[in-house]
Amino acid sequence: MSSERYPFSEIEAKWQGTWESSKQFRVDQDPSRPKFYCLEMFPYPSGRIHMGHVRVYAIGDLLARYKWMRGFNVLHPMGWDAFGLPAENAAIEHGVHPAIWTYENIDNMRAQLRKMGISYDWDREVTTCDPDYYKWEQLIFIRMLERGLAYRRRSTVNWCPSCQTVLANEQVEAGRCWRCDSEVTKRDIDGWFFKITAYAEELLAWCDRLPGWPERVMTMQRNWIGKSEGAEFDLPVAGRPELTLRIFTTRPDTAFGMTYAVLAPEHPLVDALLTDPAERATVERFRAEVARQSELERTAEDRPKRGLRLQAQVVNPFNGAAIPLFVADYVLMTYGTGAIMAVPGEDQRDWAFARQHGLPIIETVKRPEGWSGEAYTGDGVKINSGFLDGLTIIEAKRQAIDWLVQQGLGTAKINYRLRDWGISRQRYWGAPIPVVYCPVDGMVPEKEEHLPVVLPQDVQLSGKGGSPLAEVASFVNTTCPKCGGRARRETDTMDTFVESSWYFLRYCSPHYERGMFEPAAADYWMPVDQYIGGIEHAVLHLLYARFYTKVLRDLGLVKVDEPFQALLSQGMVIKDGAKMSKSKGNVVDPDDLIRTFGADTARLFSLFAAPPEKDLDWNDHGVEGASRFLNRVWRFVLQHAEEVRTALSVYVGGGETPPPTAPPDRAGATARSSNSDSGGRSGVATIRSSEGKVFRRTIHETIARVTDDLERDFHFNTAISAIMELVNALYAFEAGPRDRLPAGERAALLREAIETVLLLLGPFSPHVTEELWQQLGHTESLFKRPWPTADAAVLVRQEVTVVLQVDGKVRGRLTVEVDAAEARVQELALADDKVRPWLQGRTIARVVVVPNRLVNVVTRS
RNA sequence: GCGAGAGUGGCGAAACUGGCAGACGCGCUGGACUUAGGAUCCAGUGGGCCCAAAGCCCUUGGGGGUUCAACUCCCCCCUCUCGCACCA
C-alpha cells in the first residue's frame, strides 16, 4: 500500500539536505527588519524524542516558518539541557561516563529532529554541559554572591532519598520528587540558595502585565508566590516578662476573639517555656512523633489536628486576658513566625481544634441572618471587639494595626509562601559552584580569570550518596584565591534549572567569548516573542527564568524585565485516554511514524487533531487521514503541474519576484491589495465568468481564514480544515464541465488555487509543499515567498443568503443583494412561500431584520 | 477547602463581538472504477416521527432566567481535569 503514497522519504531527505546546506534558516541581526524570536523549550537529551516533542516542535516550526513568510527576521534555535541526573544514573547502572552518554544521546536526538525538517538555525546550537556555557553561569553566581543574591546557610531542606540530593520547593510535587516520584524527606544540611524571595513582589506584579501568557499559568505562579498581607505582633508570656511570642496573622481585626495561641512543634521558644521536667518529657515525645511523620502524612486530607497544651500561658495584648498556649502539628515552622493566635470564631482550623480541646469560641463578626455554619470568614460588622466594634473588617484591620504600632507591639507585615531557591545538588553531573573554602579566609569565590571551574572527567560514581566531587582529590584540593594557601573547593553542583534559566539569552550570540551574551545581540533579539512548552513547567522553569532575567537586568546585562513575551502551553499527547508510557503499552514512536507516513504527515496530524493547548488523543486512523490529505494534494498538483506551469497569472506573486524586505504589518492580517499592480499587465488573466469569480472568492476567503486563525489565537486545527475545504473545492472545480469557462481562466484559477494551497500549507507540512512548489517550475524556495494576502476586492459579495425565521425557527432562505434595504428584505420575507403558511391565523407582532444575516418574524395568535 | 479550566454526534472537534448547532477529519453505510480493494473517486451519515419524500418535532451536563433569538449572557446545581493545600 505504501506504493500508493507519494515518495515522502526521498522528498523529506532531499529538502532537509537543501535547507541545511544552503543555511536557509541561518539568521543575523538585521535592524532594518522586525525580529521574531520563536522558541520551544529545549529538551533534556534522554536519548530519543517522543510524541510530546513532535507536537511542540511542530507548533514552533509552524509559527517560525509563518513569520518568515510574513517578512520577519526569525530566530529559531535549538539546544540541549544537558546536565542532569539521568546521565549520572546511567553511569552508575551501565558504567558509561555521563558525558559520553549525554553527547551520544544528543547526536541521536539531533538526527531525529533533523528528520522532522524543522527550521532551526543549527549554527546556534547550545549545550549546557559545555564549559563554554556554564562558565558564564559561574560568573553570574559570583556576581550574585557579591550582592547577597546567592548565599549559603544551614536549613531544613527537601531530600530525595532516591536521587540522593536536595530538591527545591518547586521540585516537590505533593510530597514526592518531581523527577522520580519518590517520597521526599527532610534534612538539615548546608546549602546554597538564590534569593528569589527578594523578587517576590516584582514577580507577582508582572503576573498582571503579561497578557500573552495563559491565565492558568499566571494563576499558578501567583498562588505559588502566595502573598498575604496582615500584621505581626508580640504576645507576652504570662509571668515571664523576658519572653514574648511573635505571631503573624492576616486578620488582626479578629484579635479580640483570640482564645488560645499555638506554636509549631519545632518552634525555638518551646524550650525556653519548659521548666518542669515531666512536661519537657511529654513535649519531647510529642515533637518526636510529629517529626516522624512524613510530609505526605502531615499534609494528608482531613487529618485530625494533634496538639499539646503547655503549662505556660500568653496574654492577649488587646484585652489583657491570659490564654492557653499549645504546640500543635497544624502550625508550620516554615511559614510566618511559626506561631499563631487562634481565633476559632473566624478560622475553621482553629474552630476544629478548639472544639476538640473544649476551648471557648468568641465571635467577633456579626453573622448574617440564618447563619448556621462553624467558623465564619465572610463580611460583616465587628462585635465583641472593644474599640473595633461597629467597624467593617477592612477598617478594623487598619485600626488594629495602628493600635499595635502605637503600643510598640507589632507592625503591618506581608508574607510570601515563596521560599528561596535551593540550588545545591549533591551530585556530579552539573555545573560546579565556583567557591573555595579556606581555613584562613573562609568562603572565597573563585577568581574570575580562573573560570570556568571545570567539572573533572575522572570520577567514581557509586550512587552511594554524598557529592561524588568530594572524592576527586585533584578537584577538591586547591589554593585559596585570596591568600594562596591550601583550600577546599565546594563539591556541590548547581541545580540544572539554573542552566535553563538563561539559555534563551545564550542563543542570541552563542559563540560570544567575552561574556554570557553579546549585549547588542540580546538587545536586538530579546524578549522571546513566542515561547512554547509543556504545562509541567508552569511554576518551575518559568518562574526561575523570570527571576534570573530580573537578576541579569539588575546586574545591567539585559534591558528586558521579562524573558517571554507570550507563552503557549501545549497539552500532552495521550493515547486511549492515558499518558503514553511503556508500562501501558500505548507509546507511539516518532521514528516509526516518520518511517510509515513521513514527517509532514506526523506534523500535520499533531497540529490538526486538537487545539494546541488541549491534550491530544493520538489516533492511528486520524494519522491516516492526514496522510490521505497530503496524498490528495500531491496527486492533484502533479496532475495539473503542466497546465499550471503554462498558465497566466491572476496572482501578483506570479513569476519570480524577490521576497519582501519592507516591514510587514505586525498587527496581522490587514490585506494588502494583491492585484494592485496587475491591471493591464501582460501575462495576467482577468476572471470574467461568474463561476470563476465565485471560485476565486473561495480561494481568498481561505487565505483570510487561515491567516486569521494563525494570527489571532493559534487555531491551527481550523486553519488546516480551511485548507482542506479549499482542496475539496479544487477537486469539485476541476470535476465540472471543462467548457463552462474560458480555458485561460480555468488554468489561471487552477494556478492561483494550487499555489495558494501550497503557500498556506507550507508551514504545516514543509517538505511536500516545497517539492510541489518546485515541480510547478519555481526556482526559489516556497519559504522565501511572502505569505499570500486576501484581496479585499475579491472577497466582496454581490448577494447574500438570508435566513428566514418565524418565531425563532428556521423556515426558509432568501437570496438578496448585499446591504439590501431592511424594508425590502422584510417585504420579501413576508411574501416568501416558505414563510407564509406559518403566518396563517396569526398576527405579526414584530419583524426583526439583521442585515445580511436573518429575518425573524415574531407572531402572536 | 481555595484557585483555574472544561462538559457539544459513535470518536477528535467547529461555531469571530448572542443570529442556520455539528465545519473539517476519523469511523460507518452505499455506489463507481477494479481480478481484487485495506488504493482512489462520488454520495450519505445527531436523534425521532414517516413505506418514502416533502415536512415536522427534539437536541450543546441538569434546572431556572434575560432576549425576537442562547453552545454563547445571568443565577443555582452536577460531573470531570489540572494546580495549591492545616500558608494563619
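Within every chain, numbering begins at 1; the chains are lettered A, B, ... in the order of the sequence lines, protein sequences first and strands thereafter.
- With no hydrogens or angles considered, no side-chain donor-acceptor pair links A/R846 and A/N856 at under 3.5 Å.
- Side-chain contact, A/T859 with A/D807: a donor N or O sits under 3.5 Å from an acceptor N or O.
- Computed from coordinates, the A/R628 CZ to B/rU40 P distance equals 6 Å when rounded to whole Å.
- The ring of A/F629 has its center no closer than 6.0 angstrom to the ring center of A/F608.
- We find the CH2-OG distance between A/W634 and A/S627 to be 13.0 Å, quoted to the nearest 0.5 Å.
- With rounding to whole Å, A/L804 atom CG is found 15 Å from B/rC68 atom C1'.
- Between the CZ atom of A/F764 and the P atom of B/rG25 there is a distance of 15 Å, given to the nearest Å.
- Of the candidates B/rG25, B/rC57, B/rC20, the closest approach to any side-chain atom of A/K809 belongs to B/rC57.
- Residue contacts shown for A/G625 are limited to sugar-phosphate atoms, with no base heavy atom under 4.0 Å away.
- The P atoms of B/rG25 and B/rG37 are separated by 24 Å, rounded to the nearest whole Å.
- Computed from coordinates, the A/L630 CG to B/rG25 P distance equals 13 Å when rounded to whole Å.
- Rounded to whole Å, the distance from OH on A/Y731 to P on B/rC41 is 6 Å.
- In RNA chain B, stems built from 3 or more consecutive Watson-Crick or G-U wobble pairs, each with both distances under 3.5 Å, span B:1-7 with B:78-84, B:10-12 with B:24-26, B:27-32 with B:40-45, B:46-49 with B:55-58, B:61-65 with B:73-77.
- Contact annotation: A/R846 side-chain N/O to B/rC68 OP1/OP2 distance is under 4.0 Å.
- Comparing B/rA14, B/rA13, B/rU40 by their closest approach to the side chain of A/K614 singles out B/rA13.
- Remark: A/R635 is in phosphate contact with B/rC41, judged by side-chain N or O atoms under 4.0 Å from OP1 or OP2.
- Aromatic pair A/F597/A/F605: centroids not less than 6.0 angstrom apart.
- Here B/rG9 is in the syn range [glycosidic angle within 90° of 0].
- Proximity note for A/I340 (side chain, C-beta onward) versus B/rC86, B/rA88, B/rG12: the nearest is B/rA88.
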Between the protein and nucleotides 16-18 of chain B, list the N/O to N/O atom pairs that are separated by less than 3.5 angstrom.
{"from": "B/rC16", "atom 1": "N4", "to": "A/R853", "atom 2": "NH2", "distance (Å)": "2.9"}

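- Residue side chain A/N856 reaches the base of B/rC68 through a donor-acceptor N/O pair under 3.5 Å, judged by distance alone.
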